[in-house]
Amino acid sequence: AGVERLREPFDVAAALAQTQVLVHRDYHSRNLMVCAPGRPGILDFQDAVRGAITYDLVSLYKDCYLRWPRAQVLDWVEQYRHSAIEAGVLPAATGADEFRRDFDLMGVQRHLKVLGIFARLWWRDGKSGYLHDLPRVLEYVLEVLPLYPELAPLRALFAERVVPAFAAAQARALQALGVRLLRCRADPRREPAGEVQLVADVDHHLAGQVGLPRSLEGRGGCDPRGRI
């Protein structure tokens, strides 16, 4: 019963009830290029599908790699709602509260998926470049959980299990990465360019930060989880 309560806000029928449009699925800053005004270059579109209208909106306005204040995001969402109604994409009866709720719940669903993918990229694949983005994505989820009563079971789960374990998990990952860099430093054949600054970055983050500089991604020949 507890699992079912967690699933309820993310019922497939709720997503299908939204207006269905072409969805890029990764419509964020790293996949957009500055081109002619009003016509951005769009990358990584091979996984596009038909889906809920709020999905790409979440990808763009709650970007996993940069962040704007929630008030600004909600203002953009409201502007989009008006534009979509005027263009005939959204039904005219779509209210601001309804659309904002759809946006927020879709955001929680997307960011839960992203948290799992970013964690997997480190623990299974040894890719460290997304570690410093995890706190931002987690904050997106924590920001929305108190706003909707139907998210109360998920909020309790995060308060009891996820948040207390998160900082420790990040620290373990950063410590393993620091060990890896020190081992690379001891072997001139594996010494990455700028290794003094890289080790200094790790020392800084181990001292209390939960993020990680992107400059650490893919450096050196050692296993990034600290294994030999």
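Basis for what follows: all heavy atoms, side chains included, without hydrogens, waters or symmetry-related copies.
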Return the minimal non-hydrogen interatomic distance between R25 and R110, and the atom names on each side.
-> O-NH1, 3.0 Å
Is F99 close to L57 at the side-chain level, that is, under 4.5 Å between some pair of heavy atoms?
-> yes
Ion pair check, E98 and R81, cut-off under 4.0 Å | no
From CG (L90) to OG1 (T19), nearest 0.5 Å | 4.5 Å
Are K62 and D104 within salt-bridge range, i.e. N to O under 4.0 Å?
-> yes
Nearest-0.5 Å distance, SG of residue C64 to CZ of residue R136 | 8.0 Å
Is H82 close to E78 at the side-chain level, that is, under 4.5 Å between some pair of heavy atoms?
-> yes
Measure the spacing between OG1 of T54 and CE of M106 and express it to the nearest 0.5 Å.
-> 4.0 Å
Is there a path from V144 to L60 through hydrophobic residues (I, L, V, M, F, W, Y) whose side chains come within less than 4.5 Å of each other?
-> no
Hydrophobic cluster identity match, V137 and L105, side-chain contacts under 4.5 Å = yes
Checking H24 side chain against D44 main chain: does a donor-acceptor pair fall under 3.5 Å?
-> yes
Should E143 and R67 count as an ion pair when the cut-off is N to O under 4.0 Å?
-> yes
Would a hydrophobic clustering, with Ile, Leu, Val, Met, Phe, Trp and Tyr connected at side-chain separations under 4.5 Å, put L147 with F103?
-> no
Over all atoms of both residues, closest heavy-atom pair of P135 and F166 = N-CZ, 3.8 Å
Would you indicate whether the side-chain heavy atoms of F45 and L22 approach each other to under 4.5 Å?
-> no
Taking every heavy atom of Q18 against every heavy atom of A52, the minimum-distance pair comes out as OE1-CB, 3.5 Å
Looking only at heavy atoms, what is the nearest atom pair of R101 and Y148, with distance?
-> CA-OH, 3.5 Å
Partners of W76 by ring-ring contact (aromatic ring centres under 6.0 Å, His included), sequence neighbours excluded?
-> Y61, W68
Just by distance, do the side chain of Q170 and the backbone of L131 share a donor-acceptor pair under 3.5 Å?
-> yes
Taking E139 for the side chain and L134 for the main chain, is one N or O donor matched with an acceptor at less than 3.5 Å?
-> no
Heavy-atom distance under 4.5 Å between the side chains of M33 and P40, does that happen here?
-> no
Under 3.5 Å donor-acceptor, R70 side chain and Y140 backbone = no
Atom pair CG/CG of L43 and D26 - distance to nearest 0.5 Å = 11.0 Å
Taking C-beta and beyond as the side chain, do V58 and Y27 meet within less than 4.5 Å on heavy atoms?
-> no
Do V114 and V23 belong to the same hydrophobic cluster, where Ile, Leu, Val, Met, Phe, Trp and Tyr are linked whenever their side-chain heavy atoms lie under 4.5 Å apart, directly or via other members?
-> no
Below 4.0 angstrom, N of the basic side chain to O of the carboxylate: do R100 and D97 qualify?
-> yes
Report whether V162 and W122 are members of the same hydrophobic cluster (ILVMFWY, side-chain heavy atoms less than 4.5 Å apart, transitive linking).
-> yes
Rounded distance [0.5 Å steps], OH in Y65 versus CG in N31 = 8.0 Å
Work out which heavy atom in I85 is nearest to a heavy atom in P91; give both atom names and the distance.
-> CG1-O, 3.7 Å
R39 versus C35, closest heavy-atom pair with distance = O-CB, 3.3 Å
To the nearest 0.5 Å, tell me how far R155 CZ sits from E160 CD.
-> 11.5 Å
Could you tell me whether the side chain of L154 reaches within less than 4.5 Å of the side chain of L112, counting heavy atoms only?
-> yes
Under the 3.5 angstrom rule, does the side chain of D63 hit a backbone N or O of H28 as a donor-acceptor pair?
-> no
